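Source: prediction; values computed, not measured.
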There are 2 protein chains.
Amino acid sequence: MKPLFHPDTADIQLSSVLYALSDPVRLTIVHKLRQNGERACGDIELPIAKSTVSHHSRTLREAGVIRTRTHGTHRLLSLREEDLEARFPGLLNAILASYEETDEL
Amino acid sequence: MKPLFHPDTADIQLSSVLYALSDPVRLTIVHKLRQNGERACGDIELPIAKSTVSHHSRTLREAGVIRTRTHGTHRLLSLREEDLEARFPGLLNAILASYEETDEL
DNA sequence: TCTATTGTTCGATAATCATAGAACATTAAA
DNA sequence: TTTAATGTTCTATGATTATCGAACAATAGA
């Protein structure tokens, strides 16, 4: 099993985080993860191909926004809330609060 | 003089704002505008061609992040702080605070 | 051991983007 | 009316991206 790359908290780049969250699909993923907690890829209902979901998960993971762990044949995704809060206090909250106020849901 | 498009406050999209701010050059522009107030394009020192600055200014303007007005041969750029605060409370502050804590300066 | 499930990776494609230089438009100044 | 200054727009280019389907890998279960 190939180990998945996750940046250290200190190495998380602001521009990468903002870029990762600038895509509506990825924003939706992050929103659902915060709402429901850790979830398998397939449990996040999205109207796109699974290979595309995988691509977006990777973008979020490599930016440091989510963590991915393996459990059986599943990949469980979770938000790196504490890490993001430590690195960029208030940022994730402001973004998700904005998302929830919006008609982009 | 061609009127420049600026989205209405209500039409500002979160994903567009995040995308606009996900580029280090554009983040720098926005940071300097908040620090120094309204500025002409040329007064913002950047190691890129002026046509590129113009491109980035347009991206920020069309996303609703900055306002551009004409004054003589100059184009004066300013942050749409109140509009952004009204649309996405706390967002700009969280992003710029994160930027200032970072070594991306 | 076979089969089904879950998700990643590969290959391809169409679209978008950051960048720069050249040409152009507008205005101020000489 | 020239000339200089300030930016925008046009054109081109190389890079990145979002998307999909097909092939692959890993694991659980029968």
Figure out the CG/P separation between A:Leu46 and C:dT6, and round it to whole Å. 16 Å
Salt-bridge contact B:Arg39-B:Glu45 (side-chain N to carboxylate O under 4.0 Å): no
Check the distance between D:dA23's C1' and A:Lys50's NZ and give it to me in whole angstrom. 10 Å
How many Å lie between CG on B:Leu77 and C1' on D:dT6, as a whole number? 12 Å
What integer distance in Å separates A:Asp43:CG from C:dT6:P? 9 Å
Could you give the CG-to-P distance, from B:Leu76 to C:dA28, as a whole number of Å? 12 Å
Any side-chain N or O of A:Thr73 below 4.0 angstrom from OP1/OP2 of D:dA28? no
Just the rounded figure in Å: distance from C1' of D:dT19 to CD1 of A:Ile29. 14 Å
Under-4.0 Å side-chain N/O to phosphate OP1/OP2 contact, A:Ser54 with C:dT8: yes
First encountered from the 5' end of DNA chain C, between A:His55 and B:His71: A:His55
Exam field: side chain A:His6 to backbone A:Thr68, donor-acceptor pair closer than 3.5 Å: yes
Rounded off to whole Å, could you give me the CZ-to-P distance for the B:Arg69 and D:dT8 pair? 14 Å
Would you say CZ of B:Arg34 has more than 12 non-hydrogen atoms from neighbouring residues, nucleotides or ligands within 6.0 angstrom? yes
Measuring to OP1 and OP2 of C:dG7, would you say a side-chain N or O of A:Arg58 lies under 4.0 angstrom away? no
How do A:Asp23 and B:Thr68 order along DNA chain D: which one's closest nucleotide is nearer the 5' end? B:Thr68
For a quick check, tell me whether the side chain of B:Ser51 and the base of C:dA20 share a donor-acceptor pair closer than 3.5 Å. yes
B:Tyr19 side-chain N/O to D:dT16 phosphate OP1/OP2 under 4.0 Å: no
Rounded to whole angstrom units, what separation is found between the CZ atom of A:Arg39 and the P atom of C:dT6? 15 Å
A:Glu85/A:Arg80 salt bridge by N-O under 4.0 Å criterion: no
Residue-phosphate contact under 4.0 Å: B:Arg75 side-chain N/O, D:dT6 OP1/OP2: no
Remember a base hit wins even if backbone is also touched, and classify B:His74 as base, sugar-phosphate or nothing at under 4.0 Å, heavy atoms. sugar-phosphate
Looking only at atom types and distance, does a side-chain atom of B:Ser57 sit under 3.5 Å from a main-chain N or O of B:Val53, one as donor and one as acceptor? yes
